[in-house]
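Everything on this sheet refers to the single structure shown next.
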Amino acid sequence: MTSPLETAEDLAGLKRVVIEPLTRVEGHGKVTLLQDQEGHIRQARLHIAEFRGFEKFIQGRPYWELPVVVQRLCGICPVSHHLAAAKATDRLVGVTELTPTAEKVRRLMHYGQTLQSHALHFFHLASPDLLFGYDDEVHHRNILGLIQDHPELARQGVLLRKYGQEVIRVTAGRRVHGNGAIPGGVNKSVSPEERDTLKRDIGQVVRWGTEAVELIKRLFTHQLAYHSRFGSVPANTLSLVRGDGAFELYQGALRARDPEGRMIFDQVADRDYGEHLREAVKSWSYMKFPFIAELGPERGWYRVGPLARVNNCGFFPTALAEAERREFIALGKGAPVQSALAYHWARLIELLYCAEAIENLLEDPDISGDDLVTRGELQPSGIGVVEAPRGTLFHHYEIDSEGLVTKANLIVSTTNNNQAMNESIRQVAREYLDGNELTEPLLNRIEVAIRAYDPCLSCATHALGRMPLEVVLVDAAGGVVDHRYRQWDGGSSTLSTER
Amino acid sequence: MGPELVNRLKGEQDAGAYPELDLLTDFQPQVEHALDLRQRSWVLIADASLRARPPFELTRMRPRRDPSFTTHALTPAAVLQVYREIEGAEPPATVLLAIRGYRFELGEGLSAGAATNLTACLRWLRRLLATEASRWDALLRHAPG
């Protein structure tokens, strides 16, 4: 059920607080809070402006450009878009099964991408909150503060990122916006020299992954009751799983469970997603609210991403990650774990899994094979689904007889998590902000909840551009009490405050 | 324009020029890019800018903590700061080369004005790269911007 804080009953006399740290040129994200005279929160909403310009932009372009051009959607997970589009174009060229080399090289690329993205997410964006506390001074509560106070940890985060980027460079052909995956396969395999270079450091990467899970366990269980409640909402979960129910990031079928862990559906082919998922529209948000058709919009919203995936799968196919999953799942005492901050724990179990999976693939001779591409007959429609670092990512294209795109629909992780993120910030607002003067550390708790799900809204806004930051505090009469604005332009920035 | 600049220099390098130049392209500066600064004498970071005076501006970069940690793209100054803190040493001399661009719509090619600015920048860079690195400090003082 959605929270009563979604819409206030009576807007009269309510003070409006806007947190707007997520703005982009064509679309933006912000949080609005309505507070009454006694400081009680009456309404809390996360608004993300979903801009459909990218889908429009690719209409009329040839399908074979898609895996490269869609990478412009996101600077953090371009490989996820690359692979989702590649899987969709596989279908467009009539290919349902890749060669072993093509599939394994793509998997390697995907694991490298997930490893580096999770390392960035946890070490650089989220861990300062957990290590320093939400009330820490804002200029210290960041990656540079982390480097200063925990240099070895920060160094590990940097080197994990670097390793993941190297895996991407080797498999995608370039450091940025690679073209490794093509319709029906890949355009290169991994040379023995490249494989040996990656093998040299993978043992260390697995050890760091293990240590990272130990760290988040210590941080989470240090204040177990608090962390378990923070942003906790009873959500359905959606993710890909393998045919045998194993954890899966690249190729699988859809599974959904309810908040108690009961199966809603399982082994739904990704191309049939439209039969089970719908998108609702709300008057106050530009972004749609997907829901499970069987349950309807009120009860059918769901969560995607690491927390959903680890809750949803039956087991991890690698030993270290599976041992960690068992310990994690025990937290839920038989039901899915629902705390927003448990995302970080699940995320690091996935990071460890990716390290193990890379290690296994580097021992597989198929990654250096030369059978790269499968061919078939052109089809009018193609759907590709992968588990991106932040959750399930759908790419759906239709083409004409010339191979030009006539229709495109992308459902990104942030859209899938829209209602769940809204519910979590309402829980945080109710639990920690209600009745209080809204200070920066308190407002930061709202951002902590959002960061747990998804600190990157560029996929959701489907836009690229400069990123201003604006926070406006408005009193009951509508007057501006405080206004802070930061403008970015490439390499420079200014921060100004008005009163 | 940054990748285009690199592509053109790469073409000249393939023909035998600039043997000591290492060319890298990336999308958004992040912490791991501090590791790319290791063992460099000079670093030139080239990017398009909406605010630079045409044809291009040069800015000597110093390590600095700034609010770019809240985004997925650190500023060059913040990357230098990361280098200083994880390496425990001062970063190499770094210059930001901001080439004036005008339009940044998806799928758009170089505008005529941007192409002119890029050509001017390349001409200046070729002169710089033909000069001993020990004299770069003096050259950079008299560069546009």
Side-chain angles (χ1 to χ4, degrees), chain A residues 21-22 25 53-54 56-58 61 69 71-72 74-76 78 116 119-120 123-125 128 138-148 151-152 154-155 157-166 174-177 447 455-456 458 463-467 469 486 488-493 495, chain B residues 1-3 6 23-36 38 45-52 57-59 61 63-88 94-101 104-108:
Chain A
L22 307 160
V25 171
F54 207 88
K56 196 76 186 162
F57 165 71
I58 53 184
R61 301 187 80 91
V69 76
Q71 294 178 88
R72 304 279 169 179
C74 181
I76 291 301
Q116 64 87 19
L120 177 78
F123 287 100
H124 305 152
L125 297 173
V138 70
H139 292 295
H140 178 255
R141 194 203 311 137
N142 58 57
I143 177 61
L144 296 178
L146 183 72
I147 290 170
Q148 189 177 45
E152 185 51 31
R155 189 172 152 273
V158 171
L159 292 172
L160 281 167
R161 280 271 302 170
K162 187 76 176 168
Y163 187 83
Q165 300 284 30
E166 274 304 288
R174 294 163 59 178
R175 277 162 66 114
V176 62
H177 298 156
E447 293 185 66
C456 171
S458 61
L464 291 169
R466 291 164 293 161
M467 184 166 151
L469 180 154
R486 187 183 67 209
W488 294 92
D489 181 13
S492 61
S493 70
L495 180 64
Chain B
M1 278 200 276
V6 166
L23 294 163
L24 301 174
T25 308
D26 225 317
F27 187 44
Q28 292 176 332
Q30 256 302 336
V31 283
E32 70 273 14
H33 293 113
L35 303 180
D36 288 328
R38 285 171 168 168
I45 300 173
D47 201 1
S49 169
L50 268 172
R51 293 200 308 192
E57 274 184 20
L58 296 166
T59 310
M61 302 306 297
R64 193 185 71 211
R65 285 169 180 264
D66 64 30
S68 61
F69 68 87
T70 65
T71 78
H72 288 129
L74 269 61
T75 61
V79 174
L80 297 184
Q81 180 70 22
V82 172
Y83 179 95
R84 178 190 263 173
E85 300 200 13
I86 60 175
E87 295 292 303
T94 301
V95 174
L96 180 65
L97 191 52
I99 312 165
R100 176 59 189 263
F104 292 83
E105 297 304 316
L106 276 168
E108 232 177 353

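Every chain is numbered from 1 and lettered A, B, ... according to where its sequence line falls, protein lines coming before strand lines.
- Using modelled atom types, no side-chain atom of Thr59(B) and backbone atom of Met61(B) make a donor-acceptor pair closer than 3.5 Å.
- Contact annotation: the side chain of Gln30(B) never approaches that of Val158(A) to less than 4.5 Å [non-hydrogen atoms, C-beta and beyond].
- Here the side chain of Arg100(B) pairs a donor or acceptor atom with the backbone of Ala52(B) at under 3.5 angstrom.
- In this structure, the portions of Ile86(B) lying under 4.5 Å from any heavy atom of chain A include both its backbone and its side chain.
- With a threshold of 4.5 angstrom between heavy atoms, Gln165(A) approaches chain B through side-chain atoms but not through N, CA, C or O.
- Minimum heavy-atom separation, Leu50(B) to Gly101(B): CD2-O, 3.9 Å.
- Contacts between Ile45(B) and chain A at a heavy-atom distance below 4.5 Å are absent for every atom of the residue.
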